[in-house]
Amino acid sequence: MLYELYEWNHALLAPLRAAADATRLFYQNPLNPFSSTEAGRTIAAMAELFERTTRVYGKPEFGIYETVVGGLRVPVQDHVVWEKPFGRLLHFQRELPKGRGADPRFLIVAPMSGHYATLLRGTVEALLPYGDVHITDWEDARKVPLAAGRFDLDDYVDYVMEMLEFIGPDTHVIAVCQPAVPVIMAVARMEAEENPCSPSTMTLMGGPIDTRVNPTAVNRLAMEKGLDWFRDNVVMKVPFPQPGFMRDVYPGFLQLSGFMSMNLDRHVIAHKDFFFHLVRDDGDSADKHREFYDEYLAVMDMTAEFYLQTVDSVFIHHRLPKGEMTHRGAPVDLTKIRKAALLTVEGENDDISGVGQTEAAQHLCTSIPDDRRVHYVQPKVGHYGVFNGSRFRAEIAPRIVDFALTHGTTHAAAALPRKSPKLAEGPVRQGAVEEREAKADALKGGTAAAGETGLGVVAAGPAAADEAASAAPNAAAEAFETMTAAAPAEPQPGGASVPQTGSPPQPAIGSAAASPSAHAFESEAAAGQTTAETLLSSTATVPPVLPSAAVKPKRVRSAAKSEDAVPGPMAGGAPQGLAAALEALATAPGSEPAAPPLPKRPRGRRG
């Protein structure tokens, strides 16, 4: 009945929204002399604020029409290349100059967790200059007729496998947050069947592979409530006249309520500031507010069977790290993954997928050679910053591109020589390792031998994680919260500054509408792009990029201090291919010697 009341409420408010919109247009019309007065702007601001807070937001557009490839600005057009009832595959086609070699092919698997795939707009924009990008675009469950059938976790895995087969061999799959589980399942199934279209690399970003590690509020909610509570309280039927009438779904408006309730004061302040921006005629600040909330307030429904199966398998029973996960009745054996290189990325302040939950994949995929595995912890970002924002563009995206260039086999630079890394046991671990271990020592959390920090035990095995969870779950959670509470303040939409705890305009789950699959938003300042390996040679057809060494060294803390001490495709925070290329350029025959530095100008008065 709650879903029906929600729909009736919006239907009853429709005439008032229309009147408010007409009022806004009247007082913003330049022909109206009141439009330039404070009173006129105040009335228009009140009308717009009412209309926006009572609107049902539709699916946003990606709005990506161009990118820069090799220093040239080229048009981009997205179009559907594969489609089924519950999802489609979008391809961002770039109009590249003739004669340009092949770039790596990326498949970005967007989360089905309440928001649309446009949430990853920044992820797509960061990768477009360096690769051929595809992204999954999931359908709003209330738009899918009941006759289209069910859609559960097994179907999700099937969709991912079919998309990989459609794109073809040597694809680089990227799973953002919740899809980390179905993507690793799909890759395990494809490699077990020796499917030639299994991906060359697999990048898991902020995903809940093992939620027993550093459990967050989201994970604890699922454990405390149990599956029956979610089935009884958050699953509803789609009301008439939606196309999916009578389908059981987890409604998007409940997900949004959980988001908003986590940090309601932030949203109230942001809307208050938006009102005063409109009154002061501060168009830039008002536009930033509109852009953020047009995306944030646009939510979609999920099928009940997918939602409940995910909660049960991933968050309650932890079937994947325990080796109990199945797909269509067949066991999912992660040790079958041998071909795909594995990159795991986490945010230091992530309060949705705790640090170590994604790295657990490194300890489960034991058949992947050590030189094909890398784990990176990005300092000073929360959940949203793992896949969007300035630090993602400057520090994470270059590593993803470099990882694909290093392990890809069909792109134009694949035949270029690479520097052989110095091998060591275990995956390469980079990023905020030293800082987090220092914090763990300060908090007397100890240091796990295989873990990112001593605040929890990375899943070296089900028994170890179970033992740690039963020994001190509260201490681990308390230490993690203490650590993230000390994060610096970051600007929020609407101009407010609040302490960053890893999740910005997003909300902590404490209401009945909250969900374990919730996404976090955080406000990140815009910044220029830096990227990975590819200043390889003047004949290379890979797009030229800035060296990642330009990233401030204080923001990337590697576990090793020198390039020689770090094995794997990336060393010391800089792409290995780039380092080799610069070394080759420096020693090339006929190369000019470096010019001596100019003498410093003495200080003093002029003249």
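Positions are given from 1, in the same order as the sequence printed here. What's counted below: heavy atoms across the whole structure, side chains too, no hydrogens, waters or symmetry copies.
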Applying side-chain contact (heavy atoms from CB on, under 4.5 Å), run through Met205 and Gln378 and close with a yes or a no.
CA-CA 11 Å; Met205 307 175 66; Gln378 174 60 47; over 6 Å; no
Kindly indicate whether the side chain of His363, heavy atoms from C-beta on, has any atom under 4.5 Å from the side chain of Asp210.
no
request  = Determine yes or no for a side-chain-to-main-chain donor-acceptor pair under 3.5 angstrom, with Glu305 supplying the side chain and Phe151 the backbone.
outcome  = yes
Asn195 side chain reached by Leu164 side chain, heavy atoms, under 4.5 Å:
no
*Please check if the distance between the ring centroids of His267 and Tyr296 is under 6.0 Å.*
yes
| said: Between Arg319 and Asp312 (salt bridge meaning N to carboxylate O under 4.0 Å), is one present in this structure? | reply: yes
dist Met236:CE -> Asp248:CG (nearest 0.5 Å) comes out at 11.0 Å
Rounding to 0.5 Å, atoms OG1 (Thr118) and CD (Glu61) come to a distance of 8.5 Å
Heavy-atom side-chain contact between Leu119 and Phe387 under 4.5 Å:
yes
Minimal heavy-atom distance between Pro182 and Leu153, with the atoms involved, is CB-CD1, 4.1 Å
* Side chains of Glu4 and Lys237 in contact at under 4.5 Å (non-hydrogen atoms) -> no
Of all heavy-atom pairs linking Pro208 and Val314, the shortest is O-CG1, 3.4 Å
pair Val144-Thr303: side-chain heavy atoms closer than 4.5 Å = no
Value for OH (Tyr116) from CG (Asp137), rounded to nearest 0.5 Å, stands at 9.5 Å
- Message: For a side-chain contact (heavy atoms from CB on, under 4.5 Å) check, start with the C-alpha distance between Cys365 and Ile184, then their side-chain angles and the critical distance, and finish with the verdict.
- Response: CA-CA 9 Å; Cys365 300; Ile184 201 172; 3.7 Å; yes
Is there side-chain contact between Tyr307 and Phe230, with at least one heavy-atom pair below 4.5 Å?
-> yes
Query raised in the report: What do you reckon, is CD of Glu291 surrounded by more than 12 foreign heavy atoms closer than 6.0 Å?
Result: no
For this session: Please lay out, stage by stage, how Thr171 and Phe166 fare under the test side-chain contact (heavy atoms from CB on, under 4.5 Å).
Result: CA-CA 10 Å; Thr171 300; Phe166 176 83; over 6 Å; no
**Prompt:** Will you find, in the side chains of Gln357 and Asp350, an N or O donor that is under 3.5 Å from an N or O acceptor?
**Reply:** no
What one should report as the nearest heavy-atom pair of Ala110 and Pro179 is O-CG, 3.4 Å
Interatomic distance, NZ@Lys59 vs NE2@His115, rounded to 0.5 Å, equals 14.0 Å
Given 3.5 Å as the limit, does a donor-acceptor pair link the side chain of Arg17 with the main chain of Arg55, or not? no
Donor-acceptor under 3.5 Å (Trp82 side chain, Met163 main chain):
no
Original post:
Between Asn233 and Trp229, is there a donor-acceptor pair closer than 3.5 Å when you use the side chain of the first and the backbone of the second?
Top reply: yes
**Message:** Can a side-chain donor-acceptor contact be found between Gln178 and Ser113 if the only test is distance below 3.5 angstrom?
**Reply:** no
- Message: Measuring centre to centre across the rings, with the benzene-like ring taken for any Trp, is Tyr156 within less than 6.0 Å of Phe306?
- Response: yes
- Query: Any donor and acceptor pair, going by atom type alone, linking the side chain of Thr358 with main-chain N or O of Gly207 inside 3.5 Å?
  - Reply: yes
Output for pair (Glu359 CD, Leu342 CG), nearest 0.5 Å, gives 10.0 Å
Do the side chain of Arg142 and the main chain of Gly244 share a donor and acceptor less than 3.5 angstrom apart? no
**Prompt:** According to the interplanar angle, ranging from 0 to 90°, do the rings of His289 and Phe274 count as parallel (below 30°), tilted (30 to 60°) or perpendicular (above 60°)?
**Reply:** parallel
Rounded to the nearest 0.5 Å, the NE2 atom of His375 sits from the CZ atom of Arg373 at a distance of 12.0 Å
Stepwise, does the side-chain contact (heavy atoms from CB on, under 4.5 Å) test hold for Leu127 with Ile174? CA-CA 11 Å; Leu127 296 178; Ile174 303 172; 3.6 Å; yes
Are any of the side-chain heavy atoms of Arg212 and Pro321 separated by less than 4.5 Å?
-> yes
Is there side-chain contact between Leu90 and Val80, with heavy atoms separated by less than 4.5 Å?
yes
**Q.** Any donor-acceptor N/O pair, Thr216 side chain to Gly354 backbone, under 3.5 Å
**A.** no
Would you find a donor on one side and an acceptor on the other, under 3.5 Å apart, between the side chain of Glu191 and the backbone of Ala340? yes
Correct closest heavy-atom pair for Met260 and Leu297 would be SD-CD2, 4.3 Å
What one should report as the nearest heavy-atom pair of Ile316 and Met223 is O-SD, 3.5 Å
Assess whether a salt bridge exists between Asp333 and Arg189, defined as any Lys/Arg side-chain N lying under 4.0 Å from an Asp/Glu carboxylate O. no
Worksheet item: Taking the six-membered ring for Trp, are the ring centroids of Phe403 and His172 within less than 6.0 Å of each other?
Response: no
For the pair His383 (side chain) and Asp351 (backbone), establish whether a donor and an acceptor sit closer than 3.5 Å, ignoring hydrogens and angles. no
Practice item. Verify, without hydrogens or angle tests, whether His134 (side chain) and Leu107 (backbone) share a donor-acceptor contact under 3.5 angstrom. Key: no
Report task. Tell me, please, whether Tyr293 has Arg52 positioned over its six-membered ring: NZ or CZ under 6.0 Å from the ring centre and within 45 degrees of its axis? Result -> no
Q. Between Arg391 and Glu348, is there a salt bridge with N-O shorter than 4.0 Å?
A. no
The single option from Leu221, Leu227, Asp228 that satisfies side-chain contact (heavy atoms from CB on, under 4.5 Å) with Lys225 is Leu221
Legend entry - N-O pairing of Lys84 and Asp155 below 4.0 Å: no
Heavy atoms of Arg338 and Ser367 approach each other most closely as CG-CB, 3.7 Å
